[in-house]
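Scroll down for the structure; my scribbles are underneath it.
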Protein chains: 2
Amino acid sequence: MLKAERQQYILNEVSVHSRIQLSDIADSLGVSIDTVRRDVKELDDNKKLKKVHGGAISLGYNTFPFNHSDIFNREKKSFIAQKAIPLIKENSVVLMSGGTTNLELARLLPPKLHVTVFTPSLPIALQLLAHPNAEVIFIGGKISKDAQLSVGASTVQELSQIRADICFLGTGYLDVNHGLTEFDYEVVQIKKAMIKSSRKNVLLCISDKLNSAQRFKTCDIDAIDCLITELDPEDQILKPFSNFDVLLK
Amino acid sequence: MLKAERQQYILNEVSVHSRIQLSDIADSLGVSIDTVRRDVKELDDNKKLKKVHGGAISLGYNTFPFNHSDIFNREKKSFIAQKAIPLIKENSVVLMSGGTTNLELARLLPPKLHVTVFTPSLPIALQLLAHPNAEVIFIGGKISKDAQLSVGASTVQELSQIRADICFLGTGYLDVNHGLTEFDYEVVQIKKAMIKSSRKNVLLCISDKLNSAQRFKTCDIDAIDCLITELDPEDQILKPFSNFDVLLK
DNA sequence: TTCCTATTTGCAGTTTTTTGCAGTTTTTAT
DNA sequence: ATAAAAACTGCAAAAAACTGCAAATAGGAA
């Protein structure tokens, strides 16, 4: 049996099963395990597979793309949350929508700060339980599995009873022409109600989501009092928004 | 099985479920717990996950707090939950309180079962989001940080509007003389309201909590239609309860 | 063909890694 | 405070990897 033939067989096995064991290959090919080991080492050197103790695994096998990109964006989101914190006054009433940027805000809330937080988002509520001085009030209702927050008429109804000092809106797309948009109709209804119930509306928005729009509209840019991104307020990307009556941070 | 493969499996489990338990992994992979511990330690060193006492959690946003009480006595609680599942009929309306036994029930709910679940408990709601056919309705209100569920007048008020087929009560102490008791007054108010709103009341109770009482009373034993423990219904410990009109399972 | 050389292959001995176990220490929940 | 669960430690057996070497093989060149 030719060496090239053997290596082709090994590559094929790896691609089919995502993994191989040296002993298996040695058995089925009828060669010594050392030979297989040497073949695998060579293939590893040529970046055709990944050699591991006892065998080899496919190169694409262990990729967790979401993990890395998420960690990457997390720094931006932390940064945004940090900028948002000074807007929260002692003993104020805060309204928070869902989204990971808001989650970061909930996580970074100064422990000494006394606040009352209303939220329809399960992850946000859970995160706030860890805060020693936050009074958490959950706006109940039918839970949307995608958005992990309360939606529906009763939620909107409950929100209408609230008068908050400040509202933090996460996860949304902002565009000069289309305003604030979402791809989930039910979430739009909730956000509309939140905006109506709050004296001041702050949008936490990672710059990737600027200048893009989705199907459903939450509000015009005018309805936003403050836009916080991870960028410098003077950044070119934010230029189009400076014409509106929006505080850029 | 290759070490690399095992670690891949662990990473995948963590990524899917946000958390893992060393013993679970050891069981399902058929290796010793020490091996899993070493794997997890290595993955932690490589910043692929975060090792915690008893298991590991995902690095990303972890809304599911890894609570050690849910690995405490988990086998018994799983067993109790298994016994409770047949009581839930297709298309029924279920009311669930908090507690780790109920959490186990939520986790083990058959995926094909269509149910509407009302709950004031954040962990339960979050767990149910993973269920494909459960409609989840959260009873909102002021959140108790200890019990991780909605308490207060508005929650009681909302509960009073519900008519559920069956109610599952977790975390409580049951005693022949004192009935069902709790150490949290606010939780008692919620449970009272839940019992009133349900046609049938089922108590999921680990035997350790039998024959003990706490400060505040939820109801008499009569109010319970069915008591489920991890014991055999004929067990001596359950004898005192058989005089009441309670189905023992 | 025959001889020569470079490569490949298998083998034996040694080193390293992996894994489960037992005993001890630490952590956790009640 | 106490008892149970989990973590840590060192150890030993087993598996795998590495090393050097010699035999086998292939491919030319004479």
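Residue numbering restarts at 1 for every chain, and letters A, B, ... go by the order of the sequence lines. Quick note: numbers below take in every heavy atom, side chains included, and nothing from hydrogens, waters or symmetry partners.
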Quiz item: Of I33(A) and R38(A), whose nearest nucleotide on DNA chain D comes first from the 5' end?
Solution: I33(A)

Please state how far atom [atom1] in [X] lies from atom [atom2] in [N], giving the value in whole angstrom units.
{"X": "D39(A)", "N": "dT7(C)", "atom1": "CG", "atom2": "P", "result": "16 Å"}
{"X": "I206(B)", "N": "dT30(C)", "atom1": "CD1", "atom2": "C1'", "result": "13 Å"}
{"X": "D27(A)", "N": "dG10(C)", "atom1": "CG", "atom2": "P", "result": "13 Å"}
{"X": "Q7(B)", "N": "dT19(C)", "atom1": "CD", "atom2": "C1'", "result": "13 Å"}
{"X": "R37(B)", "N": "dC21(C)", "atom1": "CZ", "atom2": "C1'", "result": "12 Å"}
{"X": "L22(B)", "N": "dT27(C)", "atom1": "CG", "atom2": "P", "result": "16 Å"}
{"X": "I25(B)", "N": "dT19(C)", "atom1": "CD1", "atom2": "P", "result": "15 Å"}
{"X": "K3(A)", "N": "dT9(C)", "atom1": "NZ", "atom2": "P", "result": "7 Å"}

Exercise. Specify the residue among D34(A) and L2(B) whose closest nucleotide of DNA chain C lies further upstream toward the 5′ end.
Key: D34(A)

Quiz item: So, do V117(B) and I137(B) sit near enough that their side-chain heavy atoms are less than 4.5 Å apart?
Solution: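 They are not in contact (no side-chain heavy atoms under 4.5 Å apart), so the answer is no.
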
Exercise. Report which part of the nucleic acid V52(A) touches: base, sugar-phosphate, or nothing (heavy-atom distance under 4.0 Å, all strands).
Key: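 Sugar-phosphate contact only - V52(A) comes under 4.0 Å of backbone atoms but never of a base.
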
Quiz prompt | Cationic N near anionic O, under 4.0 Å, D39(A) to R6(A) | solution = yes

Quiz item: Do the charged groups of E42(A) and K3(A) touch, with an N to O distance under 4.0 Å?
Solution: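 Between K3(A) and E42(A) there is a salt bridge, with a charged N closer than 4.0 Å to a carboxylate O.
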
Quiz prompt | Short side-chain N/O contact from R6(A) to OP1 or OP2 of dT8(C), under 4.0 Å | solution = no

Quiz item: Under 4.0 Å: is that the gap between some side-chain N or O of K51(B) and OP1 or OP2 of dA7(D)?
Solution: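 Answer yes for this pair, as a side-chain N or O of K51(B) is under 4.0 Å from OP1 or OP2.
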
Quiz prompt | Straight-line distance of Q127(B) CD to L103(B) CG, nearest 0.5 Å | solution = 5.5 Å

